[in-house]
Every structure is written in structure tokens, then in C-alpha cells.
Amino acid sequence: MDTYDVAIVGYGPVGQLLSILLGQRGYRVAALERFPAAYPLPRAVHLDHEIARILQSVDLRSDRDPVIEPYDDWYEWRNAAGKTLLKVDWRGVGPSWWHTSNFFSQPELERELDLRVQKQPSVSVLRGRNVTGLQQDLNGVTVTASMTNDPDEGEQRVRARYVVGCDGANSVVRGIAGLPMTDVGFPFDWLILDMIPNEPMRFEPPAWQLCDPARPTTIVPGGPGRRRWEFMALPGEDIQDLNSADKAWELLQPWGLTPDNAALERHAVYRFQARWANQWRQGRILIAGDAAHLMPPFAGQGMCAGLRDVNNLAWKLDLALRHQGDDRVLDSYGPERTPHVRHFIELSMQLGRVICVPDAADAEARDEAMIAAMNDPSLAPPPPDPPRLGPGILAVDDAAAGVLSIQSRVAHDGREGLFDDVVGHGWFVLSTKSVPPLSAQAQATMDRLGGRTLTVGGFGAADAADAADAADADVDVDLVDIDGRYASWFDELKADAVVIRPDFYVYAALSDVEDVDAALTALGRQLPAAPMVTT
Ligand SMILES: Cc1cc2nc3c(=O)[nH]c(=O)nc-3n(C[C@H](O)[C@H](O)[C@H](O)COP(=O)(O)OP(=O)(O)OC[C@H]3O[C@@H](n4cnc5c(N)ncnc54)[C@H](O)[C@@H]3O)c2cc1C
């Protein structure tokens, strides 16, 4: 029986990303996928700046790879009469430096991720394996899969120290592990169309929602060369009739699309859902992505949430695999991710409740309230707090612990560029002042994690050379803050030092560099105690 460090069940985008993240760390990984080829149906089209930064870490970049199209415009909601109900500013870049919103076609993104998996020598992609059984013992898990390409081949068994179920909404792994879900339901059916126009077409704005009770409709980019239309099924409408090419062309006609000027690449009807797992780990078995949560797609965040899951899990699995015998760090995975993902589930449902209104009187009342709030912002609901991780490997009683850090351009060691490109990945103490020498305990934590302490300064200078001159006067600077964004961020946090985790989330923000030592000592106590084993 072949043995691996981690067996990943399901090779959708979430299983693919985890395969790369573990392969980059040198782990032996088997990714078992029931289908012989990639899933071809239309699904995700939108990802945000944080996900673009995660993709940067696997060398998939919207500034180079044409599969991702950065968006630089408003996202608008209008009523049936064409009046604006809401305008969301999606222009420019977000805190992670990448664009706030980006569009892509999921099958193309999966193809790009697959190419990067193939470059990992320690990762085996085993297609045509339908996982049917998991047998867990003290040392690992035996995974049983039936061979879907050729049932006569019988079954295959592999052995792994951990199994991660990235096997989608109907997760077999979740079922076998008995991980319970909370299901709050969101029972709306939508027809999803992926279109390839064969002549230039302009839409103003390029991404918008038509909140028309006669047919709520989403009109957004669908990735390079594509457009996406989504039409809500009306009460009592026959789903079979709706999910046909004829109906698709009928619905597209008012939008100027015909078989003469566009190709209908795919159509599918989905029933949206809203649910999350109450527990994400059962011993050596964990779940991620759609296996752990589902949300309606109105915020474009379902896959994004799954990619965040495995960006959180990868460094914890790394610690668990290196500290044989103490894998309590994995206990923090579900509790950290649950409130974060619930933030997006609730946001998606709130948006859906505004959009999915098929009743004319209800729609009129909604329009009145939203137009009033457009005219008088004091009537608008307050913007939601930023999403934040739940309790886990985070400093306690720290207002910034669990929020996303930023990425900006830096100059370092004679190179200029984005932080991750120039400095790399891992644990960092970033500070605006020199950090005093660490105690033995704090230093031991940094050594175990391979953490680095870097001072950042020279804020807001016209160019890197200027910045270096300015910074030299103040403090011995390791990183020049080319755009002054780190300066603004430290100001916002009222911090002189920030401890940042490998998944880009803040562990602690400290108003005094003297407190770095205590924060690292506390971090050390939250991490595995057993001796480290090199892989
Ligand atoms: C209409 C629509 C629009 C969407 N829009 C967006 C968007 O704009 N932005 C966004 O972020 N998200 C969006 N999403 C959500 C996004 O598509 C999903 O969240 C994402 O595909 C989940 O990825 P995953 O890898 O977790 O699961 P999946 O993509 O479902 O992959 C799971 C894989 O596991 C395999 N598998 C299942 N069972 C087994 C088994 N027993 N053995 C072996 N293999 C198995 C499956 O064959 C599949 O390949 C949208 C979804 C829909 C339906």
C-alpha cells in the first residue's frame, strides 16, 4: 500500500491549492479524485485581493497570467426602472495589493492550478478514484477508493498520516467522519450562463445586478473573453424548462445576445444553499472548502472561503507533521475558520435577500428604502466589521489578532517589489522600531517557526533611494516602505510591531516593541511542545 503524509480527497480548486501548498513544503501528497477529467460546468467567476495574494504564493498572478482579469470599476445594483439602488466601489487594489475584485472562469483557473500541482514532485494526482472508506487509527488513516475508470480493477487503498476532505458539497469524508452541519437554507434556483461573445460588447457598468422582480438577473464578467448571466427561477417555474439552451437564448435576447454574435458555453441550474460544519476535524480527518461550508454566490466568496481554509490549514499541517505526537495545533483550524466563513455566508444571504425578490410590492418597498439610503447615507445600515478569525493561534485580548494583514511594495536587499516576492513567506515580526533582544523563550519560538524580525520604514518617500536615506536617519531599516502603506497600516492599528502568520493573518499587534517578547513567548506556548522532526 502506498503511504503519504497527506491524502486529499477531491481535486477541485481547494484540493488543488492544498496539494501545491503541501508539495511546496516537500510533503508526500496523494490527491484522489473520482472524475477522470476536470469538472466542466460554470461556477465561480469572482475572487478578491486576498485570494489573489494566496494565488501569488503559488505563482499564479493576475499581473501576468491572462486567466485572471482584474476589475477596475463600480459594481452597481439597479431596479427595474434602471434607478441605482446601491453602488459598490470595486476600483483599484485592496489591502493585499491585488485588485479588490477579479474575474476568471473556474475551469481555466483549475487548469492553471493543475499545471502547478504537476510541478510538485512529491504530489501524486490519482484520478478515477472514488473514495468510499476511511479507517482511522493512532498513526494514520487508510483510504479506500473504488476505481471509477474501470470497476473491474476493484479497489485501491492508500495510507496517510492525515486526510483532508476537499470533496465538495456532498462530502463523503464529512459523512464518514460524522462532522455535523448547521443548515440555514437559502432555497432559490438560478440559471447560470457562461457566454463567449464573438464581437466586442460593452456593459455599463461591467458588473451589476438587475433587481427586477420580473426576473432578478446578475450580469458580470466571466473571466477573459467571457460574460456571465445569472437568471433567478421564478416561483412555480419549471426548472427543466429553464435549464435549456432555447430558454437561455430567449432570456439573453433583451441583452443583445444571439447565436449569431455569441456562443453559449455552458448552462446549469443551481439551488443555492447556506450551511457550515460545526466541527472541521475528527482526529486525523479534516474537511475544507465546500465540504465544510456552502453559501449563495452573491458575494462571489464560496471558493474564496475554501482557498482561505487550506491557506490556514497548510501551515498547521506542516507543524503537525513536523512535531510527531503533538498535533493540537490542528484543533484551532475549525474554530478559527468558522466565524470568518459565517461572516461571508451571512453577507451572501443579506445580498441574496435584496436580490431574490420576485414580488412587485416587496420590490417597490425595497427600492424605496435603498434609494432613500443612497440619498441619505445616515439611513444606510452600517458597513459590516471586517471578517476575523475565531479563537485559535492568536494573541488573546488583542483587537487586531485574527484580521488580515496588508501587502505592499518594499525595497529589501537591493530588490524592489511586492513583500511576498521580495521577502518571502512565513512568520514575521514587522516593526517600525528596533525590537529589543529576545529572551531565550521568545527566540526559541522564532527559531522553531523560522520566523524573521524586520523593521520597516522610510515611509512615503518619492522613491526607494530617497526612502532609504530618510529611513537611515531614524532606525536601521530592513524594508523600505515604498508607498507608505505600511506606515498608514501601523497608524491604523496604533501599533509599533505586528506579528504576522504564514497565512497573512495578524497574530498580535503591539503598541510597544518591548511587548514583542511576551507575544512570542505566548505564541510558543500555543504551539506543539514535542521535539521537531525534519522531513
Ligand atoms: C453558480 C455558482 C457561482 C459561483 N460563483 C462563485 C464566485 O464567483 N466566487 C467564489 O469564490 N465562489 C463561487 N462559487 C462557489 C465555488 O464554485 C465553490 O465554492 C468551489 O468550487 C468549491 O471548491 P471545492 O474544491 O471545495 O469543491 P468542488 O469544486 O466541488 O470540488 C470537489 C471535488 O471533489 C471530488 N469528489 C467528490 N466526492 C469524491 C469522492 N468520494 N472521491 C473522490 N473525489 C470526490 C469532486 O469530483 C470534485 O472534483 C460559485 C458556485 C456556483 C454554483
Side-chain angles (χ1 to χ4, degrees), residues 7-19 30-48 50-52 54-55 71 75 101-107 109-110 113-114 125-134 143-148 156 158 163-176 186 188-194 207 218 220-223 228-232 266-273 277 287-310 341 344-345 348 351-352:
I8 296 170
V9 182
Y11 193 61
V14 174
Q16 290 176 318
L17 178 68
L18 184 58
S19 300
L32 296 103
E33 166 59 47
R34 64 182 165 176
F35 289 142
Y39 188 66
L41 285 180
R43 290 193 292 167
V45 289
H46 170 270
L47 58 87
D48 64 26
E50 178 186 357
I51 303 309
I54 294 174
L55 295 177
Y71 187 79
Y75 173 43
S101 285
N102 306 270
F103 286 90
F104 64 95
S105 156
Q106 187 168 336
L109 187 83
E110 291 187 24
L113 287 169
D114 180 45
V125 179
L126 307 175
R127 284 194 173 275
R129 270 74 164 185
N130 183 31
V131 171
T132 52
L134 301 174
V143 181
T144 307
S146 61
M147 310 297 280
T148 46
Q156 182 179 7
V158 300
V163 168
V164 185
C166 303
D167 50 342
N170 302 315
S171 171
V172 165
V173 173
R174 187 184 65 229
I176 295 173
F186 194 82
F188 289 94
D189 296 309
W190 281 66
L191 170 67
I192 314 296
L193 305 179
D194 272 0
T218 302
V220 288
R228 160 70 59 87
W229 270 264
E230 302 182 357
F231 297 101
M232 190 178 103
R266 301 181 194 110
H267 60 87
V269 170
Y270 286 97
R271 167 154 297 200
F272 298 154
Q273 301 185 62
I287 51 172
D290 276 16
H293 43 75
L294 288 173
M295 64 187 79
F298 302 112
Q301 281 291 337
M303 182 197 75
C304 295
L307 299 184
R308 285 188 195 101
D309 294 344
V310 292
V341 85
F344 285 108
I345 292 172
S348 309
L351 298 177

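Counting starts at 1 for both ligands and their atoms, following the listed order.
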Test item, Ile192 contacting ligand 1 (heavy atom, 4.0 angstrom):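 True for this residue.
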Contact check, Tyr270 vs ligand 1, heavy-atom distance below 4.0 Å: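 Tyr270 counts as a contact of ligand 1 under the 4.0 Å cut-off.
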Is the closest N or O pair between [X] and ligand 1 shorter than 3.5 Å?
X: Gly15; result: no
X: Met303; result: yes
X: Val14; result: yes
X: Gly300; result: yes
X: Ala169; result: no
X: Val45; result: yes

Identity and distance of the protein heavy atom lying nearest [atom]:
atom: atom 13 (C) of ligand 1; answer: Ala44 CB, 3.3 Å
atom: atom 29 (O) of ligand 1; answer: Arg43 NH2, 2.7 Å
atom: atom 44 (N) of ligand 1; answer: Arg34 N, 3.1 Å
atom: atom 32 (C) of ligand 1; answer: Cys166 O, 3.4 Å
atom: atom 19 (O) of ligand 1; answer: Asp290 OD1, 2.7 Å
atom: atom 9 (N) of ligand 1; answer: His46 O, 2.9 Å
atom: atom 47 (O) of ligand 1; answer: Glu33 OE2, 2.6 Å
atom: atom 27 (O) of ligand 1; answer: Gly168 CA, 3.8 Å

Mark yes or no for whether [X], through its side chain, and [Y], through its backbone, hold a donor-acceptor pair below 3.5 Å.
X: Arg127; Y: Glu33; answer: no
X: Gln16; Y: Glu110; answer: yes
X: Arg228; Y: Arg43; answer: yes
X: Ser19; Y: Gly15; answer: yes
X: Gln156; Y: Ala145; answer: no
X: Arg174; Y: Val172; answer: no

Approximate separation, where rounding is to 0.5 Å, of Phe344 CZ and Arg308 CZ: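 Interatomic distance, Phe344 CZ to Arg308 CZ, rounded to 0.5 Å: 4.5 Å.
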Gap separating the CG atom of Asp48 from the CD1 atom of Ile54, nearest 0.5 angstrom: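 Answer rounded to 0.5 Å: 8.0 Å.
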Best match, Gly289, Pro13, Gly306: closest heavy atom to atom 23 (O) of ligand 1: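 Closest candidate by heavy-atom distance is Pro13.
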Ring centres under 6.0 angstrom apart (Phe188, Phe186):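 Yes, ring centres under 6.0 Å apart.
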Do [X] and [Y] come within less than 4.5 Å of each other through their side chains, counting heavy atoms only?
X: Phe104; Y: Met303; value: yes
X: Val143; Y: Arg129; value: no
X: Asp290; Y: Val14; value: no

Atoms of ligand 1 close to Gly302 [distance to a heavy atom under 4.0 angstrom, numbered from 1]: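 Answer, ordered by atom number: 10 (C), 11 (O), 12 (N), 19 (O).
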Gln301 and ligand 1 - part of the residue with a heavy-atom distance under 4.0 Å: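 It is the backbone that touches ligand 1; the side chain stays farther off.
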